[in-house]
Amino acid sequence: IGRDIMRTSADIPIRAKFKQVGIDVLTSSAIAEWHGNGATILDILDQSTRRIDADTLVLAVTNTAETTLLDELQEAGISTHAVGDCVAPRHAPAATVEGRRLGLKL
């Protein structure tokens, strides 16, 4: 749920709203198994497990670099320069700086 929510002033109000509408936020946890109607949750701090009944599973996961287009262009022999999320997941400002630096070099 919002990778950087804990770093913003919205943290407390949004978590309060989640609680108000019945959303449980689990941290330091991993899904050990999805059963279709619930999940077995692993507490990564003490290795205990518990089952939670649910009809929907929503995951906030680590971003991964997307290189499909870069790979296809390189395979076609087209000169390329990689910046932004095809290099590694990052925030837009970091990708913008990389793009600007590359643009200035070219």
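The structure presented is a predicted model; accordingly, all values stated were derived computationally and were not measured.
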Asks: Testing the basics here: between Gly84 and Ala95, what is the closest heavy-atom pair and its distance to 0.1 Å?
Replies: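 Taking Gly84 first and Ala95 second, the nearest heavy atoms are CA-CB, 3.5 Å.
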Asks: To the nearest 0.5 Å, tell me how far Asp71 CG sits from Glu66 CD.
Replies: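 That separation rounds to 8.5 Å.
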Asks: How many angstroms lie between OG1 in Thr27 and CG in Asp43, if you round to the nearest 0.5 Å?
Replies: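 With rounding to 0.5 Å, OG1 (Thr27) is 8.5 Å from CG (Asp43).
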Asks: So which heavy atom on Trp34 is nearest to which on Ala54, and how close?
Replies: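 Scanning both residues completely, I find the closest heavy atoms to be CH2-O, 3.8 Å.
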Asks: Going through the distances and angles, do Leu106 and His81 end up as a side chain to side chain contact (heavy atoms under 4.5 Å, CB included)?
Replies: CA-CA 10 Å; Leu106 296 175; His81 299 278; 3.6 Å; yes
Asks: Just wondering, more than 12 heavy atoms not from Arg100 lying within 6.0 Å of its CZ?
Replies: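 It does not: Arg100 CZ has 12 such atoms or fewer within range.
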Asks: Please report the interatomic distance OG1(Thr67) to CG(Leu73), rounded to the nearest 0.5 Å.
Replies: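 Going from the OG1 atom of Thr67 to the CG atom of Leu73 covers 11.0 Å.
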Asks: Tell me whether Ile41 shares a hydrophobic cluster with Leu57, the cluster being built from Ile, Leu, Val, Met, Phe, Trp, Tyr side chains joined at under 4.5 Å.
Replies: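 As far as the 4.5 Å side-chain criterion goes, Leu57 and Ile41 are connected within one cluster.
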Asks: Show the nearest heavy-atom pair for residues Val25 and Phe18, with the distance to one decimal.
Replies: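 What the structure gives for the nearest pair is CG2-CD1, 3.5 Å.
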Asks: Looking only at heavy atoms, what is the nearest atom pair of Ser29 and Leu26, with distance?
Replies: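 Nearest heavy atoms, Ser29 then Leu26: OG-CB, 4.0 Å.
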Asks: Let me check something: do Val97 and Leu102 share a hydrophobic cluster, defined by ILVMFWY side-chain heavy atoms less than 4.5 Å apart, either directly or through other members?
Replies: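 No, because Val97 and Leu102 fall into different hydrophobic clusters, even though each may have its own neighbours under 4.5 Å.
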Asks: For Thr40, run the side-chain hydrogen bond (donor to acceptor under 3.5 Å, both in side chains) check against His35, Arg50, Glu33 and tell me which one passes.
Replies: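 So the option named by the test is His35.
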Asks: At their closest point, which heavy atom of Val87 faces which heavy atom of Ala65, and how far apart are they?
Replies: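 Heavy atoms only, the tightest pair is O-CB, 4.0 Å.
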Asks: Glu98 side chain to Val83 main-chain N or O, any donor-acceptor pair under 3.5 Å?
Replies: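 No; zero donor-acceptor contacts below 3.5 Å.
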Asks: Taking the side chain as every heavy atom from C-beta outward, state whether Gln74 and Leu70 have any atom pair closer than 4.5 Å.
Replies: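 In contact.
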Asks: Checking Ser48 side chain against Asp46 main chain: does a donor-acceptor pair fall under 3.5 Å?
Replies: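 Side chain of Ser48 to backbone of Asp46: no pair is present.
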